[in-house]
> 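Supplied in C-alpha cells, the structure appears directly below.
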Amino acid sequence: MDDEKILIRNASQVVTCSGFEAKKGAAMSDVGVIEDGAVAVSGGLITHVGPTEEVMKQIDASEYLEVDASGRALLPGFVDSHTHFVFGGYREEEFSWRMKGDSYMSIMERGGGIVNTMNATRQASYDDLFGDAYDRLDTMMDMGVTTVEGKSGYGLDLATELIQLRIMKELNDEHPLDVVSTFLGAHAIPPEFAGRTDAYVDYIIEEVLPHIREEHSVTFCDVFCEQGVFSIEQSERLLNAARTHRFKLKLHADEIVSFGGAELAARLKAVSADHLLHISDNGIKRLARSGTIATLLPLTAFSLNEPYAPGRQMIDAGCAVALASDLNPGSCFSCSIPLLFALACIQMKLSPEEALTALTINGAAALGRAKKIGSIDVGKKADMILLKFPSYKFLPYHVGMNLVDTVIKDGVLYIV
Ligand code: NIG
Ligand code: FE
C-alpha cells in the first residue's frame with residue numbers, strides 16, 4: 001500500500017464547492033453535494049471525486065489507505081483569509097473598558113489599541129512571538145482551517161514588521177497549515193510619527209516597501225483606511241506604490257464609519273475589501289460590478305457590539321462574499337469558525353450554502369489561490385475536513401460547536 005494514497009469513501013455527503021474562481025451572488029448557493037461520495041488522494045492532490053461506487057471502479061483500492069466516512073460529511077478545508085495572528089501581549093483591559101461603553105476608536109486616540117500591541121510586539125522575543133503564533137495555528141486547524149492569511153502591522157517600523165513577516169514565512173514552512181502573508185505597515189501611526197501621518201506614509205513607501213516582498217514571500221499589501229487613521233488619499237498613494245512593487249492589494253474598508261473604502265478598493269482593483277460594516281449603497285454596487293471580493297468578518301462586529309455588514313444585501317446585489325475571522329488582540333480575539341458560521345447565518349442572513357462558499361472557494365479567491373485550494377476538485381490540494389455529522393447544514397445549526405472530526409491537509413490525516 002502506498003502511504004501517500006488515501007481513499008475516503010462512503011461519506012454521507014461530499015460537498016465539493018467546485019470552482020476555480022470566486023462565486024458571485026446567486027452562484028454562491030451552489031455547493032455541489034454528492035450523496036454517498038468518495039475522494040481519492042495521491043501525492044497530496046485530489047485525483048478522483050464522485051459517488052463511491054464510481055470512484056471504486058476507477059481505482060485499485062488495494063493501493064489506498066481507506067477511510068470509511070459513513071455518517072460524516074466531507075467538505076473543503078476552510079480558508080481564513082483575514083487574520084492578524086502574530087502579535088505580542090494582550091489587551092484584556094481595553095476589552096473591559098469597551099464592555100462599559102468605551103469605544104474602539106477613543107481607546108486608539110488615547111494611545112491604546114494597535115499601538116499598545118505594537119509596544120508589546122516590539123518588546124517580545126522572536127521565540128515567544130513564534131511560539132504563540134504556532135499555537136494559534138493549531139487552534140485554527142482544529143476548527144478545520146487549512147489555509148490562513150496573516151498580516152503584519154504590529155511593528156510599524158522596518159525591523160519589527162520584518163520579524164512578523166519572517167515568522168509567518170517560517171510558520172508556512174514548519175506548520176502543516178499554509179500561511180499567506182500580508183504587509184500592513186499602514187495599520188496605525190506609531191508614536192515616533194504622531195501627528196505626521198503623511199510623513200509615515202512616505203516612510204513606508206520609501207524605506208519599508210522596497211524591502212518586503214521578495215525577501216519574505218509576501219503576497220499582499222493592506223491599509224487600515226479609516227477616519228482618523230489613513231485617509232482615502234493616503235491609502236491610495238500607498239497602495240499605488242505597493243502595486244509598483246508587485247504586491248496584490250487588500251483594504252480594511254468602512255469598518256468604523258462609511259468612508260468610501262469599498263469604492264476605493266473597487267477602483268484600485270484590489271483583490272478584496274474587508275470589514276464593510278458601514279459600506280454605502282454605492283459601495284455595494286461598485287463591488288458587485290468589480291472583481292473585488294467583499295470579505296466580511298462577523299466575529300469583529302460581534303466583539304465590538306457593532307451592526308453586522310449587510311451580507312444578505314451584498315449577495316443579492318451580486319457581490320462575491322468571503323468570510324474570515326479577523327483574529328487579532330484588539331477588536332476580535334477569536335478565530336472561532338463555528339461561531340463565525342453561526343453569526344453569518346443567524347445575524348447576516350446568509351444561507352448555510354452561501355456561508356460555506358464564503359469560507360471555502362471565495363476565501364481561496366480572496367487569497368488569489370482559487371485554482372489550487374478552496375474546493376474538492378481533481379487536481380487541487382487535498383485540503384479537506386470530515387465533520388462528525390452527516391450534513392454541512394449542521395454547521396450553523398449546532399451553534400458555536402466544533403463539528404470537525406478529521407482534518408486532511410496536503411493529503412495527510414489529522415484526527416481532531
Ligand atoms: O481588523 N481595524 C484594524 N485592524 C484590526 C484590529 C487590530 C487591533 O485592534 O489590534 C481589525 O479590526
Ligand atoms: Fe483586520
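Just so you know, these numbers use all the heavy atoms, side chains as well, and skip hydrogens, waters and symmetry mates. Start at 1 and go down the list; that is how both ligands and their atoms are numbered.
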> Which pair of non-hydrogen atoms, one from D326 and one from S331, has the smallest distance, and what is that distance?
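Reported closest heavy-atom pair: OD2-OG, 3.7 Å.
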> Taking heavy atoms and a distance under 4.0 Å, where does E226 meet ligand 1: side chain, backbone, both or neither?
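Under 4.0 Å from ligand 1, E226 contributes no heavy atoms.
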> Taking the six-membered ring of Y126 (Phe, Tyr or Trp), confirm whether the NZ or CZ of R166 is under 6.0 Å from its centre and within 45° of its axis.
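No, cation not above the ring by the 6.0 Å, 45° rule.
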> If the test is side chain to side chain contact (heavy atoms under 4.5 Å, CB included), which one of H82, M168, Q164 qualifies with K151?
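The side chain to side chain contact (heavy atoms under 4.5 Å, CB included) with K151 is passed solely by H82 among H82, M168, Q164.
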> Looking at ligand 1, does M108 have a heavy atom less than 4.0 Å from it?
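Contact absent.
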> Between the main-chain N or O of G19 and the side-chain N or O of D377, is there a donor-acceptor pair closer than 3.5 Å?
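Such a contact is found between D377 side chain and G19 backbone.
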> Give the residue and atom name of whichever protein heavy atom lies nearest to atom 6 (C) of ligand 1, and the separation in Å to one decimal.
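Protein heavy atom at minimum distance: Y104 OH, 3.3 Å.
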> Would the distance check show the side chain of N10 and the main-chain N or O of A69 forming a donor-acceptor pair, the cut-off being under 3.5 Å?
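Checked: no pair found.
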> Only heavy atoms of D326, strictly under 4.0 Å: list the atoms of ligand 1 that pass.
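Heavy-atom distances to D326 below 4.0 Å select 1 (O), 11 (C), 12 (O).
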> Return the closest protein heavy atom for atom 2 (N) of ligand 1 as residue, atom name and distance.
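I find the closest protein heavy atom is E255 OE1, 2.8 Å.
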> Does an N or O anywhere in T300 fall below 3.5 Å from an N or O of ligand 1?
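No - when backbone and side-chain N and O of T300 are compared with those of ligand 1, no distance drops under 3.5 Å.
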> Contact between H187 and ligand 1, counting heavy atoms under 4.0 Å?
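Within the 4.0 Å threshold, so yes.
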> Looking at V33, is its backbone amide N or carbonyl O close enough to the side chain of Q13 to form a donor-acceptor pair, meaning the two atoms are under 3.5 Å apart?
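A pair under 3.5 Å: no.
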> Just which atoms of ligand 1 are under 4.0 Å from any heavy atom in Y154?
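Matching atoms, with element in brackets: 7 (C), 8 (C), 10 (O).
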> Donor-acceptor pair, distance only, cut-off 3.5 Å: does the side chain of R246 make one with the backbone of A242?
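Looks like no, no N/O pair under 3.5 Å.
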> Relative to atom 12 (O) of ligand 1, which among C332, S331, G113, G153 owns the nearest non-hydrogen atom?
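It is S331 that holds the nearest heavy atom.
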> Hey, is the main chain of L264 close enough, under 3.5 Å, to the side chain of E236 for a donor-acceptor pair?
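Side chain of E236 to backbone of L264: no pair is present.
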> May I ask you to list the protein N, O or S atoms found at less than 2.8 Å from the Fe ion (ligand 2)?
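The answer, once waters are left aside, is H82 NE2, H84 NE2, H252 NE2, D326 OD1.
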> Mind checking whether I114 has a heavy atom under 4.0 Å from ligand 1?
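Yes, that is the case, since the closest heavy atom of the residue is under 4.0 Å from the ligand.
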> Indicate, as side chain, backbone, both or neither, the part of F87 found under 4.0 angstrom from ligand 1 when only non-hydrogen atoms are considered.
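No part of F87 comes within reach of ligand 1.
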